[in-house]
Each structure stands twice: as structure tokens, then as C-alpha cells.
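Chain A is the first sequence line, chain B the second, and so forth, proteins listed ahead of strands; every chain is numbered from 1.
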Amino acid sequence: MRVTSLHSWAVNPIQAVAIQKDLSERIDLRLPRDFSLRYVAGADVSVDRERERIYAAVVVLSVPDLMVVEIRQSAMPPEFPYVPGLLTFREGKVLAAAFEQVQTPCDLVVFDGQGLAHPRGLGIASHFGLLLGIPTVGVGKSKLVGDYGEPGPDKGSSSPLLYKGERVGTVLRTRRGVRPVFVSPGNRIDHASAVDVVLGTCTRYRLPEPTRQAHLEAGRLRSEK
DNA sequence: GCGACAG
DNA sequence: ATCTTGTCGC
């Protein structure tokens, strides 16, 4: 996959915020007219503070069978601290290196984190949506910003996530009884479609397969040796 | 000043 | 994110 160089990764928190404000203006929540989901990818990272190493994995699955068809990994020293709201600048560089190796023509990517549901409207899913040029969805295990009502207990139950008077995502129950996940559009996708993609890629676990598989692969890379 | 705070 | 086996509950 081609990762557009819209900016440097060698920045400080002040510059990172400026980049987010600038890029957020380019977010488009409209689904491409010719969109069809044949291959979906998932991305995630694992961090080893002891070895001072951050491991990334991008896994591609076919749709609708959800079989893993490609796995790409990358590792490097962390160069940016974890700061709520600036996650992309900690995980971005190593993730980009993994995406560059992907050969399968992916139609959409699911990220472990927020998309639109971010202080400046540019969570990791939105940011990479711009860098990759294809639809992206953010699926966070917890909330970063916004208010919501607890969704019902059944799988598929949801409630809108609101922030500053706007809808920024959906709090979605992906399995009966489990804690809900926070789904938000990255770029080039709407709220309803984002939820459809998540429900369509969830099997027997709380997290969708793309992200779940990526999480496992990042962990395996970290464990080898 | 106080509370919130993706991974 | 990460430290970590068994165990309580649907």
C-alpha cells in the first residue's frame, strides 16, 4: 500500500497538534460511490518498554469469509510518548512501515482507537484514512471524548456518541453482555456504514476480526526470540 | 483548581 | 499499552 507523506513523524507535541488541526479539515464522511468490501485490513501495535521497542502488525482478511490472506509486521524504537489525543504520533511511523509492505488491494482498514471521536476530530483512524486514501474505521475499547447513553444488552444495540453538539461516533455492543466498543468514522465513510463494517467483521469476540488478528500478530512479533 | 484522559 | 492463573458467572 502507498502511504502518502503528508508530514514528518519527527515532531513535538505542539507541532503534532498543529498537524492534526490542519489535516482534520480534509476529512470527508461520504462513502465512495463505487465502494465494495472485498478485502479489509486491521492494524495494531504492541509495546515493550523493557526492550524499548514498538511492534506493529497489519493483517488483511477476505470478506465475507474473514480468512487471513496477508500479514505484515514492523518494529522500531518508540520516538514519541503516549499522550491522550496524540496516539497517532506514537504509533504512526511503525504502522506506516508495515502498511508499505502490504500487497493486497485493501478496500478499508479498521484501527484500534478513535477516528472522528477525537478532541480535534482526527483520531488515528482518521489520520491514516488521509495517509492511505481509502475508507477507515476506528474501534476503541474505551472512550476518549464524548457523552452517551448506555446501549441495550443485546448484540447490535447502540447509542450515538456526542461531542460538542455533534455526533462523532457510535457506542456499540458487539456481543451480548460485553462492554460496548466505540466506533467512529475514520475518513471516507459514514456512521451507519462504519457500524455495518464492525458488526459484519465481529464473530465470537468483542473486537472485530481485523483488529483482533492484528493485535495477536503484533503480540507474536514481540514474543518471538 | 478539578476531573477526564484512545493505546 | 503492560503486569498475569485461576476462577466466578452466564
- Note on the structure: Taking every heavy atom of A:V11 against every heavy atom of A:F80, the minimum-distance pair comes out as O-CE1, 3.4 Å

- Message: Restricting to non-hydrogen atoms, name the atom on A:R38 and the atom on A:D107 that form the minimum distance, rounded to 0.1 Å.
- Response: N-OD2, 2.7 Å

Could you check how far [atom1] of [X] sits from [atom2] of [N], rounded to whole Å?
| X | N | atom1 | atom2 | value |
| --- | --- | --- | --- | --- |
| A:F89 | C:dA1 | CZ | C1' | 19 Å |
| A:E91 | B:dG7 | CD | P | 9 Å |
| A:R53 | C:dA1 | CZ | P | 20 Å |
| A:H118 | B:dG7 | NE2 | P | 13 Å |
| A:F128 | B:dG7 | CZ | P | 16 Å |
| A:D48 | C:dT2 | CG | P | 9 Å |
| A:L144 | B:dG3 | CG | P | 19 Å |
| A:L207 | B:dA6 | CG | P | 16 Å |

Which part of the nucleic acid, if any, lies within reach of [X] when heavy atoms closer than 4.0 Å are counted: base, sugar-phosphate only, or nothing?
| X | result |
| --- | --- |
| A:D44 | sugar-phosphate |
| A:G85 | base |
| A:L86 | base |
| A:H215 | sugar-phosphate |
| A:G140 | sugar-phosphate |

- Please answer whether C:dA1 and A:Y82 are stacked, defined here as ring centres separated by less than 5.5 Å and planes angled under 30°. no

- Donor-acceptor contact below 3.5 Å, side chain A:Q114 vs main chain A:S142: yes

- Please lay out, stage by stage, how A:S193 and A:D190 fare under the test side-chain hydrogen bond (donor to acceptor under 3.5 Å, both in side chains). CA-CA 5 Å; A:S193 298; A:D190 53 75; 2.9 Å; yes

- By nearest-heavy-atom nucleotide on DNA chain C, the more 5' of A:R49 and A:R176 is A:R49

- Any side-chain N or O of A:R222 less than 4.0 Å from the OP1 or OP2 oxygen of C:dT2? yes

- Query: Under a 3.5 Å cutoff on both atom distances, Watson-Crick or G-U, what's the dot-bracket for DNA chain B ([ ] crossing, | other strand)?
  - Reply: .......

- Paired runs of 3 or more consecutive Watson-Crick or G-U pairs involving DNA chain C, with both pairing distances under 3.5 Å, are none

